[in-house]
Amino acid sequence: MIGSNSNNTKQNHSLFHVALGWDANEANGSAVDLDLSCFLLNEEKTVRSNEDFIYYNQLDFPNGCIKHLGDCLGDSSSSTTGELASQQDGTEIIDAESMDIDLSLIPRDVVEVVIAVTIYEAQKRKHNFGDVPSAYVRILNGNGKEICRYKLSNAPGENTGLIFGSLQRQGNSWIFQTIKKFFTSGLRELALMYGVELE
């Protein structure tokens, strides 16, 4: 069984679905809004151009290898969520944001796809992962089997961002590596770290 602490797990599928879910909640007078993003990295561990940064303002990679399906709270018709979002005990989950990844279309000079979760305007609104105790992020293969899930309330302290894990190229194969690296900055700082050019 592949669980939430899986490392270096070789994948025999090319299609993956990443989902982020949480119960709507307010803290310090405003709603807590989580965001799912990913970065396509080269061997230098940076993006090749801003097209390699997929997030809420840039939903798709040009060739379709990454498709961010946007905010789909309560709307399973907007993504594959309706088929994939079920727990092992049979109860249903509503994934609030999700994205689809097709590794067969990833450009050859991309060696890693990093998956991250951040809180929108966390510093301004004084939010952290502790404000959304039900929040989780998970990745599923093309058959709908959950490979890894992580509960964001496990984040220590005042963390507002998480590098969940990455799909890493190894020759003609890919592995999924859990990372679970937390940070207290936002999406902008994470994008700059990976070489995205921001105004």
Side-chain angles (χ1 to χ4, degrees), residues 4-7 16-42 44-47 50-59 61 66-73 93 95-101 110-140 146-168 176-199:
S4 60
N5 294 316
S6 303
N7 288 304
F16 291 86
H17 183 77
V18 183
L20 171 65
W22 71 96
D23 290 331
N25 193 33
E26 287 194 3
N28 296 315
S30 60
V32 183
D33 185 13
L34 306 186
D35 295 311
L36 185 63
S37 60
C38 76
F39 301 84
L40 284 71
L41 307 183
N42 59 20
E44 285 71 46
K45 302 299 182 182
T46 63
V47 298
N50 283 7
E51 289 183 340
D52 293 340
F53 175 32
I54 306 300
Y55 71 119
Y56 53 80
N57 278 340
Q58 184 165 266
L59 296 176
F61 189 80
I66 311 284
K67 293 183 178 180
H68 194 306
L69 303 171
D71 190 333
C72 49
L73 266 174
I93 312 166
D95 294 328
E97 287 196 13
S98 58
M99 67 173 61
D100 289 334
I101 301 173
V110 170
V111 300
E112 185 174 7
V113 179
V114 173
I115 301 162
V117 178
T118 51
I119 300 178
Y120 182 68
E121 293 187 340
Q123 285 72 33
K124 178 180 178 180
R125 301 182 183 188
K126 298 180 180 180
H127 292 163
N128 61 64
F129 287 137
D131 296 322
V132 278
S134 62
Y136 62 86
V137 59
R138 63 198 190 114
I139 183 170
L140 306 93
E146 191 172 278
I147 299 169
C148 179
R149 171 192 292 257
Y150 190 70
K151 189 174 181 181
L152 298 179
S153 61
N154 291 336
E158 301 294 310
N159 286 288
T160 59
L162 165 70
I163 301 174
F164 169 50
S166 70
L167 290 157
Q168 301 173 9
F176 177 72
Q177 170 74 57
T178 56
I179 298 175
K180 293 186 291 187
K181 181 179 180 180
F182 293 99
F183 52 95
T184 57
S185 54
L187 182 58
R188 178 182 178 84
E189 289 75 17
L190 185 61
L192 289 171
M193 183 183 78
Y194 284 125
V196 177
E197 295 183 0
L198 300 176
E199 295 181 357

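Throughout, residue positions are numbered sequentially from 1 according to the sequence presented.
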Original post:
Quick one: are T118 and Y55 in side-chain contact, heavy atoms under 4.5 Å?
Top reply: no

**OP:** Show your reasoning for whether side chain to side chain contact (heavy atoms under 4.5 Å, CB included) applies to F129 and N154.
**Re:** CA-CA 8 Å; F129 287 137; N154 291 336; over 6 Å; no

Original post:
Do side-chain atoms of T46 reach the backbone of G195 as a donor and acceptor pair under 3.5 angstrom?
Top reply: no

Original post:
Does the side-chain hydrogen bond (donor to acceptor under 3.5 Å, both in side chains) test come out yes or no for Y136 and D95, once each step is laid out?
Top reply: CA-CA 9 Å; Y136 62 86; D95 294 328; 2.5 Å; yes

**OP:** Could you list the residues that satisfy salt bridge (charged side-chain N to carboxylate O under 4.0 Å, His left out) with D35, not counting sequence neighbours?
**Re:** none

Original post:
Just wondering, more than 12 heavy atoms not from K45 lying within 6.0 Å of its NZ?
Top reply: yes

**OP:** Report the residues that fulfil ring pair (Phe, Tyr, Trp, His ring centres under 6.0 Å) with Y194, sequence neighbours left out, ordered by chain and then residue number.
**Re:** F39

Subject >> P133 versus N25, closest heavy-atom pair with distance >> reply: CD-ND2, 4.5 Å

Subject >> For K67, all residues meeting salt bridge (charged side-chain N to carboxylate O under 4.0 Å, His left out), sequence neighbours excluded >> reply: none

Original post:
Do V117 and Y150 have side chains that get closer than 4.5 Å, going by heavy atoms?
Top reply: no

Original post:
Which heavy atom in H68 sits nearest to a heavy atom in I54, and how many Å separate them?
Top reply: CB-CG2, 3.9 Å

**OP:** Give the minimum heavy-atom separation between W22 and V32, together with the two atoms involved.
**Re:** NE1-O, 3.4 Å

**OP:** Under the side-chain contact (heavy atoms from CB on, under 4.5 Å) rule, collect the residues that match up with L192, sequence neighbours excluded.
**Re:** R188, L198

**OP:** Determine whether the side chains of E158 and T184 contain a donor N or O and an acceptor N or O closer than 3.5 Å.
**Re:** no

Subject >> L187 vs Y120 side-chain heavy atoms within contact, under 4.5 Å >> reply: no

Original post:
Does L69 reach the side chain of D100, with side-chain heavy atoms less than 4.5 Å apart?
Top reply: yes

**OP:** Any salt bridge (Lys or Arg N to Asp or Glu O under 4.0 Å) involving residues 119-133? Give me the pairs, sequence neighbours left out, ordered by first then second residue.
**Re:** E121-R125

**OP:** For side chain to side chain contact (heavy atoms under 4.5 Å, CB included), just list the numbers for K181 and V114, CA-CA rounded to whole Å, side-chain angles, deciding distance to a tenth of an Å, and then say yes or no.
**Re:** CA-CA 11 Å; K181 181 179 180 180; V114 173; over 6 Å; no

Original post:
Within a strict 4.5 Å, meaning less than it, do heavy atoms of the T160 and Q123 side chains meet?
Top reply: yes

Original post:
Considering residues at least two apart in sequence or located in another chain, which fulfil the side-chain contact (heavy atoms from CB on, under 4.5 Å) criterion with E197?
Top reply: N50

Original post:
Do the side chains of L140 and I147 get nearer than 4.5 Å, heavy atoms only?
Top reply: no

Original post:
Shortest non-hydrogen contact from N128 to I119?
Top reply: C-CD1, 3.3 Å

Original post:
Are the side chain of E189 and the backbone N or O of G186 linked by a donor-acceptor pair below 3.5 Å?
Top reply: yes

Original post:
Between atom CD of Q58 and atom OG of S37, what is the distance when rounded to the nearest 0.5 Å?
Top reply: 11.5 Å

Original post:
Between the main-chain N or O of S166 and the side-chain N or O of E112, is there a donor-acceptor pair closer than 3.5 Å?
Top reply: no

**OP:** Would you indicate whether the side-chain heavy atoms of L152 and L20 approach each other to under 4.5 Å?
**Re:** yes

**OP:** Could you walk me through whether L36 and I115 pass side chain to side chain contact (heavy atoms under 4.5 Å, CB included), step by step?
**Re:** CA-CA 8 Å; L36 185 63; I115 301 162; 4.1 Å; yes

**OP:** Report the C-alpha distance between F16 and V113 in whole Å, list the side-chain angles of each, state the deciding distance to 0.1 Å, and finish with yes or no for side chain to side chain contact (heavy atoms under 4.5 Å, CB included).
**Re:** CA-CA 12 Å; F16 291 86; V113 179; over 6 Å; no

